[in-house]
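Please read through the structure below; I'll follow up with questions.
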Amino acid sequence: MNEFFPDVPKIVYEGLDSENPLSFRWYDAEAEVEGKPMREHLRFASAYWHTMRNTLADPFGVGTAVMPWDDGTETMDNAIRRVDAFFEFLEKVGIDWYCFHDRDVAPAGATVAESRANLELVTDHLAQRQSETGKRLLWGTACLFADPMYVHGAATSPSVDVFAHAAAQVRAAIDATHRLGGLGYVFWGGREGYDTLLNTDMSRELDHLASFLHLSVQYARQIGFEGSFFIEPKPKEPTTHQYDFDAATCLNFLRQYDLLDDFDLNIETNHATLAGHSMPHELDVAASAGSLGSIDANMGHPQLGWDTDHFPTDLYLTTMVMRCLLQVGGLPHGGLNFDAKRRRGSFEPIDLFHAHIAGMDAFARGLQIAAAIRADGRIDEMFHDRYRSWDGALGKRIEQKEISLEQLEDHAMHSGRPELNSGREELIRSIFNDLLR
Ligand code: XLS
Ligand code: NI
Ligand code: NI
């Protein structure tokens, strides 16, 4: 357990008086909030692609990340060593769950069969490390966007052969996820989208995407995979218009193609903001449909218009997310996956720890503040008060669909001009701020 990060001890909770940067000031895994340990409320996961594979390259320069355990080759030896480094990291940082793409953990081979064999070998090793450490797979997925073959999409490619190759890749990734006892399997759209309608048959491509998802679910159920399927909405990047634009678009797609029973949504903060929404908006849309499955916990930058995947450190954000999770009673099949990367300047191995600690503490604090807001009750009371008029006889009749338009006209004629109350937004925000401590 001391091979790859020799200078890092196991990170423990030390409280706010501690100035030890390698400690938690807020995240106390076993401490109970609303009768449940933080560990369960938060169910943190680390993303293999960022933690192990992100070199911190950007369009202007090569990677800066220092990764002494990685010799930079696409060999199986290197792949296995990375797994060991990752599990040491998980153990030391105290994260119980992880997520991966097939190609993050195992190199692609020259053929479909070779790629599958590589993945199976690494899966064996992951299974072994899981059983030694008790770490678990939150979800698996397939990288259907990096290979040049997917330049025009995978399930929505104009080439039927590419569709078949994508299917082969997903089959192997579902097998690996199933073998590792993954709680879920994610479809993030990758290159499923378009750049111009001058060359794109959108409706045909969407039909193909739906068939792809149906086939995948059918296969997974047939091999006994009982986990959840998630779609991860994102509006743009890499394509100009991604088909899984936002939560509402995805729900409409799932409903149209009779996939709503099989899929929930994996909502990512930075994708929400790219879509011109807020994270709480996307969570609310998903939760209202009973389709909130899991969360990719990161955040964007207000001055940057792309998926920067910052670690989530904004307390307003983490509080709003945790308030939503407390309201829906948690995510039975999901968690908080740090789909987040360090800044290019934070290139030392130790920064992996600082980054995750920052995100974990921000969420632990968000959880405590959200619970305090609920215990305080004033904001919830004002929320419910706003709709009080609907609790009377008229409101009930409308909500139970026992009224006609004529009867409503009659009511309006006799009730005079409605009296309205203030929305008290500033007061609510001020109470929120008071509880942010
Ligand atoms: C990319 C996505 C991706 C998914 C997994 O923007 O967030 O990382 O979470 O394929
Ligand atoms: Ni994501
Ligand atoms: Ni993303």
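All values below were derived from every heavy atom in this structure, side-chain atoms included, with hydrogens, water molecules and symmetry-related copies excluded.
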> Parallel under 30°, tilted from 30 to 60°, perpendicular over 60°: which one fits the rings of F187 and Y185?
Replying inline: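 Answer is perpendicular, since the angle exceeds 60°.
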
> Using 4.0 Å as the upper bound for N to carboxylate O, is an ion pair formed by R378 and D434?
Replying inline: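 No, this pair does not count.
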
>> For H50 together with F338, are the ring centres under 6.0 Å from each other?
In response: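 No, the ring of F338 stays outside the 6.0 Å limit from the ring of H50, centre to centre.
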
>> Under a 3.5 Å threshold, yes or no: a donor from one side chain and an acceptor from the other, between T133 and E91?
In response: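 No pair is found: no donor N or O on one side chain lies under 3.5 Å from an acceptor on the other.
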
> Counting only N and O atoms by type, is there a donor-acceptor contact under 3.5 Å from the side chain of D351 to the main-chain atoms of E348?
Replying inline: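 Checking the backbone N and O of E348 against the side chain of D351, a donor-acceptor pair under 3.5 Å is found.
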
> So, for A45 and C99, which heavy atoms are closest and what is the spacing to 0.1 Å?
Replying inline: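 For A45 versus C99, the nearest heavy atoms are CB-SG, 4.1 Å.
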
> Judged by atom type as modelled, is there a donor-acceptor pair below 3.5 Å linking the side chain of R343 to the main-chain atoms of K341?
Replying inline: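 Yes, the answer is positive, given that a donor and an acceptor are paired below the 3.5 Å cut-off.
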
> Can we say K234 and D246 salt-bridge, meaning some charged N sits less than 4.0 Å from an Asp/Glu carboxylate O?
Replying inline: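 No, this pair does not count.
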
> Is there a donor-acceptor pair closer than 3.5 Å between any side-chain N or O of K92 and the backbone N or O of V8?
Replying inline: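 Yes.
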
>> Check R374 with E34, please: is the shortest side-chain N to carboxylate O separation under 4.0 Å?
In response: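 Salt bridge present between E34 and R374.
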
> Do D307 and L274 have side chains that get closer than 4.5 Å, going by heavy atoms?
Replying inline: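 With C-beta onward as the side chain, the pair touches.
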
> So, for F4 and F86, is the gap between ring centers shorter than 6.0 Å?
Replying inline: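 They do not qualify: ring centres at least 6.0 Å apart.
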
> Parallel, tilted or perpendicular: which fits the ring planes of F145 and W188, with parallel below 30° and perpendicular above 60°?
Replying inline: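 Plane angle over 60°, so perpendicular.
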
Contacts under 3.5 angstrom, residues 209-217 side chains, donor-acceptor by atom type, not counting sequence neighbours:
unit_1 : atom_1 : unit_2 : atom_2 : d
S211   : OG     : D207   : O      : 3.1
H214   : NE2    : Y257   : O      : 2.8
S216   : OG     : F212   : O      : 2.8

>> If you compare all heavy atoms of G181 against all heavy atoms of R136, which two are closest, and at what distance to 0.1 Å?
In response: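 Minimum heavy-atom separation between G181 and R136: O-NH2, 4.2 Å.
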
>> N78 vs T75, test: side chain to side chain donor-acceptor pair (under 3.5 Å). Steps then yes/no.
In response: CA-CA 5 Å; N78 200 24; T75 56; 5.0 Å; no

> Going by an N to O cut-off under 4.0 Å, is there a salt bridge joining R53 and E74?
Replying inline: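 Result for this pair is yes, salt bridge flagged.
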
> With sequence neighbours left out, which residue pairs that include part of residues 7-41 fulfil the ring-ring contact (aromatic ring centres under 6.0 Å, His included) condition?
Replying inline: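 Listed by first then second residue: F24-Y27, Y27-F44.
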
> Does N20 offer a backbone N or O that forms a donor-acceptor pair with the side chain of S18 under 3.5 Å?
Replying inline: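 Side chain of S18 to backbone of N20: a pair is present.
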
> What residues form a side-chain contact (heavy atoms from CB on, under 4.5 Å) with P68, not counting sequence neighbours?
Replying inline: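 Scan of P68 (side-chain contact (heavy atoms from CB on, under 4.5 Å), adjacent residues dropped) gives V66, P349.
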
>> Within the 4.5 Å heavy-atom criterion, are V83 and F87 side-chain neighbours or not?
In response: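 Answer yes - side chains close enough.
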
> Taking the side chain from T319 and the backbone from L315, do they hold a donor-acceptor pair closer than 3.5 Å?
Replying inline: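 Judged by distance alone, yes, a pair lies under 3.5 Å.
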
> For Q327, what residues pass the side-chain hydrogen bond (donor to acceptor under 3.5 Å, both in side chains) criterion, not counting sequence neighbours?
Replying inline: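 Partners of Q327 under the side-chain hydrogen bond (donor to acceptor under 3.5 Å, both in side chains) test: none.
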
> So, E14 and R25, do they make that salt bridge, N to O below 4.0 Å?
Replying inline: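 No, E14 and R25 are not salt-bridged.
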
> Is there a donor-acceptor pair under 3.5 Å between the side chain of H271 and the backbone N or O of P233?
Replying inline: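 Yes; at least one donor-acceptor contact below 3.5 Å.
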
>> Checking side-chain polar atoms at under 3.5 Å, does D309 have a donor or acceptor matched by the opposite partner on N298?
In response: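 Yes, a side-chain donor-acceptor pair sits under 3.5 Å.
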
> Who pairs with F347 by ring-ring contact (aromatic ring centres under 6.0 Å, His included), at least two apart in sequence or on another chain?
Replying inline: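 In terms of ring-ring contact (aromatic ring centres under 6.0 Å, His included), with neighbours along the sequence ignored, F347 is linked to no residue.
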
> Do you see a donor-acceptor pair shorter than 3.5 Å between the side chains of Y194 and E205?
Replying inline: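 Not at all, the side chains of Y194 and E205 share no donor-acceptor pair under 3.5 Å.
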
>> Using the side-chain hydrogen bond (donor to acceptor under 3.5 Å, both in side chains) criterion, which residues pair with E120? Sequence neighbours excluded.
In response: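 Partners of E120 by the side-chain hydrogen bond (donor to acceptor under 3.5 Å, both in side chains) criterion, ordered by chain and then number, come out as R116.
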
> Is there a donor-acceptor pair closer than 3.5 Å between any side-chain N or O of E114 and the backbone N or O of A110?
Replying inline: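 Between the backbone of A110 and the side chain of E114 there is a qualifying donor-acceptor contact (under 3.5 Å).
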
> Does F5 have its ring centroid less than 6.0 Å away from the ring centroid of W69?
Replying inline: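 Centroid separation for F5 and W69: below 6.0 Å.
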
> Does I428 offer a backbone N or O that forms a donor-acceptor pair with the side chain of R424 under 3.5 Å?
Replying inline: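 Not confirmed, R424 side chain does not pair with I428 backbone.
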
> Is there a donor-acceptor pair under 3.5 Å between the side chain of H301 and the backbone N or O of Q303?
Replying inline: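 Yes, H301 side chain to Q303 backbone: donor-acceptor pair under 3.5 Å.
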
>> Checking E132 against R129 for the salt bridge (charged side-chain N to carboxylate O under 4.0 Å, His left out) test, could you report, in this order, the C-alpha distance in whole Å, the side-chain angles of both residues, the deciding distance, and whether it holds?
In response: CA-CA 5 Å; E132 286 162 8; R129 300 316 308 262; 2.8 Å; yes

> Under a 4.5 Å cut-off applied to non-hydrogen side-chain atoms, are L22 and I350 in contact?
Replying inline: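 When only atoms from C-beta onward are counted, I350 and L22 do touch, with a gap below 4.5 Å.
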
> So do the side chains of D264 and I231 get within less than 4.5 Å of each other, counting heavy atoms only?
Replying inline: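 No, too far: nothing below the 4.5 Å cut-off.
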
> Of the options E282, R43, M279, which is the one that meets I295 in a side chain to side chain contact (heavy atoms under 4.5 Å, CB included)?
Replying inline: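 Exactly one pass, corresponding to M279.
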
> Aromatic rings F89 and H356: how do their planes relate, parallel, tilted or perpendicular, breaks at 30° and 60°?
Replying inline: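 The arrangement is perpendicular - the two ring planes meet at more than 60°.
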
> Do Q169 and R103 come close enough that some side-chain heavy atom pair is under 4.5 Å?
Replying inline: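 Yes, side chains in contact.
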
> Can you tell me if E192 uses its side chain to pair, donor with acceptor, with the backbone of A154 under 3.5 Å?
Replying inline: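 The answer is yes, because a donor-acceptor pair under 3.5 Å joins these two groups.
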
> How far apart are the C-alpha atoms of Y219 and F225, what are their side-chain angles, what is the distance that settles it, and do they pass the ring-ring contact (aromatic ring centres under 6.0 Å, His included) test?
Replying inline: CA-CA 9 Å; Y219 172 73; F225 176 70; 10.0 Å; no

